[in-house]
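Heads up, the thing below is written out as structure tokens.
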Amino acid sequence: MIGLVDCNNFYVSCERVFQPSLEGRPVGVLSNNDGCVIARSTELKAMGVEMGTPAFRLQPCLQRGEIHLLSSNYELYGDMSARVRMVLEEGVDEVEPYSIDEMFVRLEGLDDAALTRQARSLYDDVRRYTGLPVCVGVGPTHTLAKLANHMAKSSAAYQGVCILTADSDETRYLLRHTPIGDIWGLGRRLAERLALLGLRNAWDLRNADAKTLRRHHSVVLERTILELRGISCIAMQDDEARRRIMVSRSFGRATGEWQHLREAITQHAQHAAEKLRHQRSLACALYVFLKTNRHRHDQPQHTPELVVALPHPTNDSRPIIATARRALARIHRPGYRYMKAGVMLLDLLDTEHHQLSLLDTTDDTEHPRNERLMTTLDTLNRRMGRNTISFGLPTANAPWKLRCGNLSSRYTTRWGELLKVKA
DNA sequence: TCTGGGGTCCTAGGACCC
DNA sequence: TCTGGGGTCCTAGGACCC
């Protein structure tokens, strides 16, 4: 069987671990730049605040003190996620992180009673050791585990743990009451198209002809149908290496100035290179883009982009930054007010399997030195905080820097920001 | 005034090969 | 008039996820 451990209102819960006064109150966490709501506490959801609501629309509630809005603190959330993973790894053999707040676990060779005990103990352990509330869903396939988790979350009767078998009355009942759009992997588009065929809920789909639907739609749909029947089609993924690495941010204020754009791209290229080294990969190419503010219909729009090859496969920040800057120079057009910039690393290779290029002119003795330099850089930045050492010194108060008006402390990753306890 | 930042997989169609 | 039958690789774009 496969379990899905999903943290409840993850970002909000991370904040509450260190600010217990937020417990029981309507709390939202905002996207970068404090732009819109990306996580909501149960209380905030109950007030009718939708995902993606722009922060400015909530100003009245905020000023009346009815709600709390926090800037997002990814350093904290990332670290809390790693802790959840460690707790799960104590309890089960195989953990597959699916997103920052969800992890699949493999639960094999257990009878019904043992399965229930195991799921319950994962539920208790994560809460006890990290302070985060979770729900646990268990099923014969990823898709059914996902559904079970949804049930555990939405009905208090389950007390946070729901176990579904392929062919029980309970499963049948739940499938009948699950709209197609709520099934993992099937979105709004497909739901609309399937509705035309009279298929409305998961039970209809489970009993539909998988081969025909594959022909008219896609193999993804066929797999989902089989998964709903309890036939596992989605493998656990063990390789953690990403195939693309993207770093992009909206700016705090729009800017068209070359110097500012160059700083933003430099910073993004640096962070991307850091991520690249962390997963032990090399990039062969990169992609750079700029965007103007698409919500400003009164201003001229420009969204240039460019893919360029790197001189050779590398994870060294310097050629990556240099290439990104050259690409920027080619796409930047004066006279536009840009609102977002980004760098994506492409065609990633595993460091181990890399073949040195005949055309690579770097002296062989340079490679180990460059590697040591990058390793030192990463170690310092990891220990002392990101950007302790960086290429180029960004302008103070540059317009491209993020706005984050209500950022909580990085309680678990910065010595200077530890929680203070008053006696 | 103010609207996020990442990812994945699949498909269709073009270019090209024998 | 008639104009094969495979195959691979690459890319853009759609759909979906959190």
Side-chain angles (χ1 to χ4, degrees), chain A residues 4 6-11 28-40 49-60 62 69-74 77-78 81 96-104 142-143 146 149-150 153 180-194 214-224 233-235 237 239-254 264 268 271-272 275 279 284-285 287 289 291-299 305 307 337 339-348 399 402-405:
Chain A
L4 175 63
D6 188 322
C7 302
N8 305 347
N9 315 324
F10 181 61
Y11 295 171
V29 173
L30 302 174
S31 63
N32 277 322
N33 263 325
D34 295 345
C36 63
V37 175
I38 56 167
R40 304 161 296 158
V49 174
E50 295 294 323
M51 202 71 161
T53 305
F56 66 85
R57 285 211 195 118
L58 297 172
Q59 278 307 314
L62 188 64
L69 294 180
L70 303 168
S71 303
S72 40
N73 185 345
Y74 287 105
Y77 312 149
S81 177
E96 178 199 13
Y98 174 67
S99 71
I100 195 166
D101 69 332
E102 287 174 64
M103 311 203 184
F104 286 107
H142 284 74
T143 305
K146 195 84 184 167
N149 194 286
H150 183 69
K153 274 215 162 74
I180 283 185
D182 286 0
I183 303 168
W184 187 42
L186 307 188
R188 195 170 44 86
R189 296 291 166 136
L190 210 49
E192 282 168 12
R193 289 165 66 187
L194 293 174
R214 173 187 179 143
R215 235 178 296 125
H216 292 110
H217 299 272
S218 73
V219 65
V220 178
L221 182 57
E222 182 192 34
R223 286 206 283 251
T224 301
C233 304
I234 298 171
Q237 283 183 328
D239 66 319
E240 285 184 62
R242 303 263 167 243
R243 303 157 64 129
R244 290 197 276 245
I245 289 175
M246 167 94 128
V247 177
S248 74
R249 293 286 181 278
S250 293
F251 301 156
R253 303 191 303 275
H268 296 342
H271 287 168
K275 288 189 186 184
Q279 70 164 43
C284 300
Y287 164 86
F289 71 85
K291 285 182 200 291
T292 45
N293 188 345
R294 64 195 164 93
H295 300 287
R296 292 293 299 266
H297 302 295
D298 56 322
Q299 292 182 356
E305 50 179 18
V307 174
R337 297 169 52 73
M339 197 53 199
K340 184 172 182 175
V343 173
M344 184 154 59
L345 298 175
L346 304 167
D347 301 343
L348 306 191
L402 289 180
R403 282 187 313 247
C404 35

Over all strands shown, is [X] touching base, sugar-phosphate only, or nothing at heavy-atom distances under 4.0 angstrom?
X       : answer
I245(A) : sugar-phosphate
L30(A)  : nothing
Q59(A)  : nothing
M339(A) : sugar-phosphate
K275(A) : sugar-phosphate
R214(A) : nothing
I183(A) : sugar-phosphate
N33(A)  : nothing

Separation of [Y] [atom2] from [X] [atom1] (nearest 0.5 Å):
X       : Y       : atom1 : atom2 : value
R296(A) : R337(A) : CZ    : CZ    : 7.0 Å
S72(A)  : N33(A)  : OG    : CG    : 9.0 Å
H150(A) : I183(A) : NE2   : CD1   : 11.0 Å

Rounded distance in Å - [atom1] ([X]) to [atom2] ([N]):
X       : N       : atom1 : atom2 : result
E50(A)  : dG4(B)  : CD    : C1'   : 17 Å
R403(A) : dG4(B)  : CZ    : P     : 10 Å
M51(A)  : dC18(C) : CE    : C1'   : 8 Å
R188(A) : dC18(C) : CZ    : C1'   : 17 Å
F10(A)  : dG4(B)  : CZ    : C1'   : 17 Å
Y74(A)  : dG6(B)  : OH    : P     : 9 Å
L221(A) : dC17(C) : CG    : P     : 12 Å
K153(A) : dC18(C) : NZ    : C1'   : 12 Å

Rounding to an integer number of angstrom, what distance separates dC17(B) and dG4(C) when you compare their C1' atoms?
14 Å
Considering only [options], which nucleotide approaches the side chain of [X] most closely?
X       : options                 : value
N32(A)  : dG6(B), dC17(C), dG4(B) : dG4(B)
P54(A)  : dC9(B), dT3(B), dG7(B)  : dT3(B)
R223(A) : dG4(B), dC9(B), dC17(C) : dC9(B)
I38(A)  : dT3(B), dC18(C), dG4(B) : dG4(B)

Restricting to nitrogen or oxygen on both sides, can you table the protein-nucleotides 10-14 of chain C pairs closer than 3.5 Å?
none

How do A55(A) and R243(A) order along DNA chain B: which one's closest nucleotide is nearer the 5' end?
A55(A)
By nearest heavy atom, map H217(A) and Y11(A) onto DNA chain B; which one lands nearer the 5' end?
Y11(A)
For [N], does either OP1 or OP2 sit under 4.0 Å from a side-chain N or O belonging to [X]?
X       : N       : value
K340(A) : dG5(B)  : yes
S248(A) : dG6(B)  : yes
R296(A) : dT1(B)  : no
K146(A) : dC18(C) : yes
R253(A) : dC2(B)  : no

Walk me through whether L194(A) and L221(A) qualify under side chain to side chain contact (heavy atoms under 4.5 Å, CB included).
CA-CA 10 Å; L194(A) 293 174; L221(A) 182 57; 4.1 Å; yes
pair Q279(A)-I245(A): side-chain heavy atoms closer than 4.5 Å
yes
Any residue meeting side-chain hydrogen bond (donor to acceptor under 3.5 Å, both in side chains) with S218(A), in chain and number order, not counting sequence neighbours:
none
Pairing residues for R214(A) by the side-chain hydrogen bond (donor to acceptor under 3.5 Å, both in side chains) criterion, not counting sequence neighbours:
E222(A)
Parallel, tilted or perpendicular: rings of H142(A) and W184(A) (30°, 60°)
parallel
Could you label the plane-to-plane angle of the Y74(A) and Y77(A) rings as parallel, tilted or perpendicular, counting under 30° as parallel and over 60° as perpendicular?
perpendicular
Opposite nucleotide pairing with dG14(B), Watson-Crick or G-U, both atom distances under 3.5 Å:
dC9(C)
